[in-house]
Amino acid sequence: MAIQTAKAGQGKKGVMLMNRIGPSNSKLYIANADGSGERELLAESGFDYHASFSADGEWITFTSERNGDGQSDVFRCRIDGSDLQPLVETPFVEDACVLSPDGRKLAYVSTADGYQANIWVLDLDTGERRKLTGLPGEDVDPNTPDCSFRPSWSPDGAWIAFSSDRDTAWFGHSDGHGWEHTQELSVYVMRADGSDLRKLISKPGWSYGSPKWSPDGSRIICYEIEREHTWGARRPEWIGRVLSQIISVDAATGQDRIEHTSGPDLKLSPQFLPNGRDVAYYIKAGGGGPGIRATDAAWVQKEAPTGLHYTSGAPSVLRQLRSPCWSPDGMKVVYEKVDFSFRAQDKPLFSWDSEWEYRSTDVFPVLSNQGRLAITQKQLGNSSIVTMKPDGTDQKIVFDAAKAGLDPLLNKKGIAGAFQPAWSPDGEWIAFGCGNWFQYRTDGNKAVLMRAKADGSFHEALTDGTVHSGFPSYLGDGSGIVYRVWGDGHFGLRIIDLETRAIRVLTTERDNLPFVSPDGELITFTRQFGPANYHVCTIRPDGSDFKVLTETGANDGHSIWTYDGKIAYSSGMYGFRDEAGIYDFTFQPYGQIMVMDADGSNKRLVTDSLWEDSMPLYIPSKFL
């Protein structure tokens with residue numbers, strides 16, 4: 001007898017599709033420090049990662065998404081995997097938890113109370129949770145980063161060390177000009193109650209992360225990396241080029257700096273071994289797991305000796321893993337192995353809105369007025385235009401980018417192809433841009449604006465390729481298409497009349513990603529206001545009534561209209577949720593989805609994960 005499953009969105013207003021850039025699964029493993037005896041920690045894995053040992057070696061605390069894909073909570077278990085216990089379970093991010101030396105308190109990162117990552121402490125006896133950083137009255141510019149990560153207890157339980165990007169600026173990669181931000185971190189210490197906060201390790205243009213105490217509490221160890229390299233640390237094309245070192249300083253003064261490593265490669269997760277002299281760490285590289293995506297694998301230029309390493313001269317353990325933590329006696333190590341396989345179209349995700357079911361999608365999803373979904377199918381490494389029913393079934397290729405004469409490698413990398421489909425109001429046509437994108441948009445094959453019959457029977461170019469063109473949206477009456485141009489002195493939004501093929505200039509600034517409202521009255525788009533500073537704007541198709549709707553120091557962009565005339569977009573206003581160098585294959589790990597009214601009011605967060613969430617599409621239940 002077939003099992004009957006609930007229809008997508010049943011009992012809800014509908015489904016919100018979204019694209020998540022991050023791992024799709026993760027399992028914890030425990031092994032001897034020499035790599036022998038490896039076994040899965042838990043009999044039933046639940047998307048588990050970022051584990052640590054208790055001071056007595058009896059417990060392992062960790063982060064888990066077993067309550068839903070995207071919803072991170074913190075748990076503990078015995079070192080044999082038994083006695084699994086939840087420690088903090090809320091709709092907010094909980095991560096990077098560590099037990100105090102006496103085992104009675106838990107320090108962890110949470111986005112509760114303001115959506116920014118801060119250090120909290122849980123009293124395990126009373127259940128009381130107390131926020132220690134990001135408190136009212138702290139003198140921090142609200143338009144700059146202000147998050148805290150990776151807490152670590154001193155051996156006597158009196159102090160907590162952590163990393164933080166407070167008092168730094170939003171700064172793009174490539175010397176400040178790239179869309180995605182780099183991260184400058186300092187190491188701070190404070191008393192266990194949050195008092196006596198002071199900066200211990202800091203240097204302009206550098207990032208110091210994942211601090212830990214020496215066994216006697218006299219020193220603090222961390223990794224040191226140039227700010228620019230925190231971009232490369234999460235991008236596969238930088239493998240073999242990005243580097244960091246492991247350093248330690250006197251815990252009281254921040255002086256007496258010792259460099260414990262030298263040479264190439266990205267070194268993370270440092271930890272003093274029990275003798276207080278030797279150091280364990282790991283080199284991060286490669287795919288991080290068995291499920292590396294085709295688009296990411298195409299970028300990897302060089303392998304590196306990824307795995308566990310020791311300054312004592314003990315043999316390295318070369319294997320794909322992430323976030324190792326060694327037991328207090330140095331005999332065991334716990335870590336995760338991560339799967340980066342793409343989430344299936346329409347895979348259920350955790351929903352932060354009780355009225356909507358959240359599900360996964362490939363990029364640039366858009367729904368026709370008649371209820372059919374179109375996407376750019378980037379996950380298969382070809383970036384073609386595909387349509388389907390809203391539940392992911394009945395998929396049909398409308399335009400095969402692999403047959404468009406593009407560079408096959410760039411296509412596989414996801415930086416060439418057919419991007420951002422747009423339905424005509426009558427559902428008969430789909431417009432899109434086809435060519436090279438991002439940093440390759442100036443290399444020869446300039447993207448052209450195209451349209452295809454929705455059944456795939458015909459396609460044609462609408463622009464001649466002299467100016468890079470793409471990211472279209474149909475006007476409300478279907479008579480024209482708004483799109484953006486870029487390069488060679490041509491910037492901004494243009495509108496092409498589909499009957500006459502005449503092109504009208506709408507804007508001349510560095511504007512992108514236009515999207516026409518359901519009633520055809522407004523266009524929302526992203527404008528660059530300076531290096532690595534973007535905001536969501538609106539304008540009427542006739543060029544009047546221009547408005548800037550977001551004002552954060554971080555990036556806001558990728559705005560779209562919802563079915564009911566609101567604007568959904570991605571925002572970095574709440575900052576990073578972890579140290580940037582720890583992420584993999586990620587552009588903007590701080591991106592979360594927001595929704596606001598058409599005039600910019602009533603902004604609210606609709607995702608709160610550790611990962612980059614973007615490209616939302618609300619599909620009302622009538623189409624499901």
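Just so you know, these numbers use all the heavy atoms, side chains as well, and skip hydrogens, waters and symmetry mates.
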What I want to find out is whether [X] reaches [Y] closely enough, with some N-O distance under 4.0 Å, to be called a salt bridge.
X	Y	answer
Lys199	Asp167	no
Arg484	Asp511	no
Arg150	Asp578	yes
Lys284	Asp265	no
Arg577	Glu612	no
Asp597	Lys603	no
Glu184	Arg227	yes

- Evaluate the criterion ring-ring contact (aromatic ring centres under 6.0 Å, His included) for residue pair Phe585 and Phe340; output intermediate values, then yes/no. CA-CA 9 Å; Phe585 310 133; Phe340 287 92; 4.9 Å; yes
Quick one: are [X] and [Y] in side-chain contact, heavy atoms under 4.5 Å?
X	Y	value
Leu185	Glu579	yes
Phe576	Thr230	no
Asn19	Asp613	no
Val482	Arg494	no
Arg527	Thr507	yes
Val595	Ile567	no

How many angstroms lie between [atom1] in [X] and [atom2] in [Y], if you round to the nearest 0.5 Å?
X	Y	atom1	atom2	value
Cys537	Phe529	SG	CZ	4.0 Å
Thr586	Arg234	OG1	CZ	7.5 Å
Ser72	Phe47	OG	CZ	9.5 Å
Phe364	Ser614	CZ	OG	8.5 Å
Phe515	Ser517	CZ	OG	9.5 Å

Between [X] and [Y], is the ring centroid distance below 6.0 Å?
X	Y	value
Tyr569	His558	no
Phe171	His181	no
Phe149	Phe162	no
Trp611	Tyr590	no
Phe419	Trp437	yes

Quick check: closest heavy atoms across [X] and [Y], and the distance to 0.1 Å?
X	Y	answer
Thr306	Ala285	OG1-N, 3.5 Å
Leu373	Pro365	CD1-CB, 4.0 Å
Leu266	Ala233	CD2-CB, 3.7 Å
Asn411	Ala401	ND2-O, 3.6 Å
Glu65	Gly70	OE1-N, 2.7 Å
Thr361	Gln345	OG1-NE2, 2.9 Å

- Item | Residue pair Tyr108, Glu94: steps toward the side chain to side chain donor-acceptor pair (under 3.5 Å) verdict | CA-CA 7 Å; Tyr108 64 101; Glu94 278 90 37; 5.6 Å; no
- Any chance you could lay out the side-chain contact (heavy atoms from CB on, under 4.5 Å) test for Ile385 and Ile375, step after step, and finish with the verdict? CA-CA 6 Å; Ile385 302 299; Ile375 61 170; over 6 Å; no
- Residue from Thr466, Asp488, Asn436 passing side chain to side chain donor-acceptor pair (under 3.5 Å) with Lys446: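 Testing each of Thr466, Asp488, Asn436 against Lys446, the sole residue satisfying side chain to side chain donor-acceptor pair (under 3.5 Å) is Asp488.
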- Cation over ring face, Arg166 and Tyr188, 6.0 Å, 45°: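 Output yes; distance and angle both within limits.
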- Item | Distance under 6.0 Å and angle within 45° of ring axis: Arg235 vs Trp238 | no
- Query: Testing Tyr474, Phe399, Trp423 for ring pair (Phe, Tyr, Trp, His ring centres under 6.0 Å) with Phe432, which one passes?
  - Reply: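 In the set Tyr474, Phe399, Trp423, the residue that makes a ring pair (Phe, Tyr, Trp, His ring centres under 6.0 Å) with Phe432 is Phe399.
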